[in-house]
Amino acid sequence: MIFNPDIEQMPIDKLRVLQSERLQKMLQKVYAKVPFYKDAFDKAGVKPEDIKSVEDLNKLPFTKKTHLRENYPFGLFAESKSDVIRLHCSSGTTGKPTVVGYTRNDINLFSEVVARSLAASGCEPGMTLQNAYGYGLFTGGLGLHYGAEKLGMTVVPISGGNTEKQIMLLKDFQADAICATPSYALTVAEEIRKRGESLDDFNLKFAILGSEPWSEALRQEVESNLNIKASNIYGLSEIIGPGVSNEDFEEQGTGSYIWEDHFFPEIVDEKTGEPVPYGQPGVLVITTLTKEALPLVRYWTGDITTLTYEHSGKRTHIKMGPIIGRADDMMIIRGVNFFHTQIADFIPEFPQLSPNYQVVLTKPKNMDAVEVGFEINPTYFLEKGIACDNLCAEANADIDHLISNIQKKIRDNIGLGMNVKLYQADGLPKSEGGKLNRIVDHRHD
Ligand code: DLL
């Protein structure tokens with residue numbers, strides 16, 4: 001189903017006119033109301049009226065997370081605090097969080113883009129959504145909640161974690177869809193399989209997964225364990241939260257539609273900031289066109305991806321590829337650039353492995369070393385008649401062979417020698433409800 005066909009299927013030339021009109025209005029507003037932007041535009045020698053259309057955007061400087069931090073908590077807000085009806089924060093581990101604010105219109109806009117995203121994922125009015133994103137300062141829980149209500153769904157606001165109860169309510173309330181981080185969806189899916197539950201007792205058809213990078217291997221595992229369709233949802237608090245873009249469940253693998261009537265995307269070179277042609281990877285930069293409380297001009301998301309127009313899809317809006325990684329999460333190991341998602345990419349080639357993995361960095365003798373941990377896929381070995389709890393002993397030859405094949409794959413694909421360690425099923429940390437950190441860095445211990 002298409003939630004808002006007039007907008008989602010608007011011809012590109014009309015969309016450009018709408019975007020440019022909205023952009024001009026927004027630039028006038030931030031120049032008048034946010035001292036940070038007045039200074040930044042003046043320094044760049046650009047006045048809002050110099051930007052006639054979205055094509056002129058690259059005359060303007062970027063806004064970065066450091067700017068939000070320097071203006072903590074409300075310095076970049078363009079509306080008075082009394083018009084802000086909600087605050088959220090972006091997920092960060094240390095120090096002061098990044099604070100984002102919403103007017104009533106912003107909450108309506110947030111709900112609209114999430115409703116579009118849920119519909120693209122297969123959801124329809126009348127269906128029940130189990131919302132396993134965390135409720136609280138994180139935008140996932142409340143963001144999906146309001147969007148699902150707007151679409152006309154019944155929401156089960158269970159939040160993340162408590163897997164036992166998740167499974168009970170999925171069955172008892174006959175949820176049609178679940179939204180969660182992909183790593184937590186995997187935890188739930190594996191638990192359902194491990195318990196030998198019958199899928200006939202469930203009514204699940206769709207999953208809406210995002211908030212962290214995930215792989216085709218993980219998609220396959222969740223889809224086949226639960227017999228559902230899983231779609232990608234992308235977003236970040238600074239721009240709105242979840243619902244900046246979403247995959248259509250019938251167009252899997254071709255990217256996620258960016259709702260570009262509200263969020264104008266660019267891809268730029270990570271080092272030079274210059275535009276990168278469509279189809280090539282670079283940093284995603286987004287300008288909000290309609291947001292009131294916290295409008296952002298050319299916001300440097302730090303996420304690396306590609307943009308492409310794919311004219312055979314159901315909608316006209318541009319699509320972004322999967323997130324390859326965050327520019328600041330790129331590891332440079334012995335001179336080679338490396339994102340952990342490169343590991344996830346080849347897991348489907350090894351049916352002996354589950355999609356879960358972990359990267360451990362150490363620094364023996366002052367040289368960076370990488371160990372990648374994988375979990376055995378118990379179904380694969382059980383089908384061969386090998387018991388999982390005794391796996392390594394019984395399947396020694398298989399395992400040695402597997403390890404050397406994985407090492408070769410890593411050398412060929414990434415250009416680095418890495419140590420490979422295999423764990424029993426459930427041997428690696430799992431998501432307990434939220435985002436899963438796959439990198440353990442002991443280099444500075
Ligand atoms: O994670 C918003 C969200 C909630 C998105 C629920 C989807 C579902 P933040 O906590 O501010 O917001 O983190 C934003 O998470 O810059 C990306 O690096 C990463 N991220 C979000 N969605 C995806 C995705 C929410 N689908 C940061 N794939 C972003 C890969 C994602 N990474």
Side-chain angles (χ1 to χ4, degrees), residues 63-65 68-69 87-93 97-102 110-111 113-114 116-118 120-121 129 131-148 159-160 177-185 207-216 218-219 222 230-247 252-253 255-259 263 265 270 281 283-286 288 294 296 299-306 319-330 339-342 344-345 431 433-439:
T63 308
K64 297 200 167 174
K65 204 176 181 98
L68 283 160
R69 288 223 177 92
L87 298 172
H88 277 290
C89 293
S90 81
S91 47
T93 39
T98 304
V99 186
V100 298
Y102 304 77
F110 194 4
S111 311
V113 292
V114 172
R116 288 185 203 175
S117 300
L118 287 166
S121 305
L129 174 73
N131 186 0
Y133 282 120
Y135 280 67
L137 287 174
F138 176 54
T139 51
L142 284 173
L144 265 294
H145 185 106
Y146 276 60
S159 198
I178 181 167
C179 54
T181 59
S183 54
Y184 189 57
I208 305 92
L209 311 181
S211 175
E212 64 186 0
W214 57 302
S215 60
E216 283 305 316
L218 197 155
R219 185 190 330 248
V222 170
S231 307
N232 181 51
I233 183 164
Y234 166 84
L236 62 165
S237 324
E238 297 90 311
I239 296 303
I240 193 87
V244 170
S245 76
N246 206 95
E247 201 173 25
Q252 268 189 2
S256 302
Y257 287 107
I258 300 183
W259 309 122
F263 314 118
E270 190 198 327
V283 175
L284 178 66
V285 167
I286 298 180
T288 64
L294 183 61
L296 290 176
Y299 187 69
W300 185 277
T301 67
D303 291 321
I304 299 189
T305 184
T306 51
K319 283 182 171 178
M320 60 184 261
I323 302 294
I324 299 165
R326 290 188 55 77
D328 32 350
D329 284 351
M330 188 183 73
F339 286 111
H340 72 80
T341 52
Q342 288 174 283
D345 286 346
S431 166
K435 303 192 192 208
L436 178 64
N437 187 9
R438 296 192 184 275
I439 310 286

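Both ligands and their constituent atoms are indexed starting at 1 by order of listing. Please read all numbers here as calculations on a predicted model, not as lab measurements.
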Y257 (side chain) donor-acceptor with S245 (main chain) under 3.5 angstrom: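 No.
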Strictly distance-based, threshold 3.5 Å: is any side-chain N or O of E216 a donor or acceptor partner for the main-chain N or O of D345?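 Checking the backbone N and O of D345 against the side chain of E216, no donor-acceptor pair under 3.5 Å is found.
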Within-cut-off N or O pair, [X] and ligand 1, under 3.5 Å:
| X | result |
| --- | --- |
| I233 | yes |
| Y133 | no |
| S90 | no |
| W214 | no |
| S237 | yes |

To which of K65, H88, E212 does the heavy atom nearest atom 31 (C) of ligand 1 belong?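 Closest candidate by heavy-atom distance is E212.
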Measure the acute angle between the ring planes of Y102 and H88, then classify it against the limits of 30° and 60° as parallel, tilted or perpendicular.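 Rings of Y102 and H88: perpendicular, as their planes differ by over 60°.
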Element-labelled atoms of ligand 1 that are located less than 4.0 Å from some non-hydrogen atom of [X]:
| X | result |
| --- | --- |
| N232 | 24 (C), 26 (N) |
| G140 | 4 (C), 6 (C) |
| R326 | 16 (O), 18 (O) |

Indicate whether the side chain of T98 and that of E238 have a donor and an acceptor atom separated by less than 3.5 Å.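 No pair is found: no donor N or O on one side chain lies under 3.5 Å from an acceptor on the other.
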So, N246 and S121: side-chain donor and acceptor under 3.5 Å apart, yes or no?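 Side chains of N246 and S121: pair found under 3.5 Å.
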Side chain, backbone, both or neither: which applies to T139 and ligand 1 if a contact is any heavy-atom pair less than 4.0 Å apart?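 The answer is the side chain of T139.
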When you compare the side chain of S211 with that of F138, does any pair of heavy atoms fall below 4.5 Å?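 Counting from C-beta outward, F138 and S211 do come under 4.5 Å.
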Taking atom OH of Y146 as the centre, report whether more than 12 heavy atoms of other residues, nucleotides or ligands fall under 6.0 Å from it.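 12 or below, so no.
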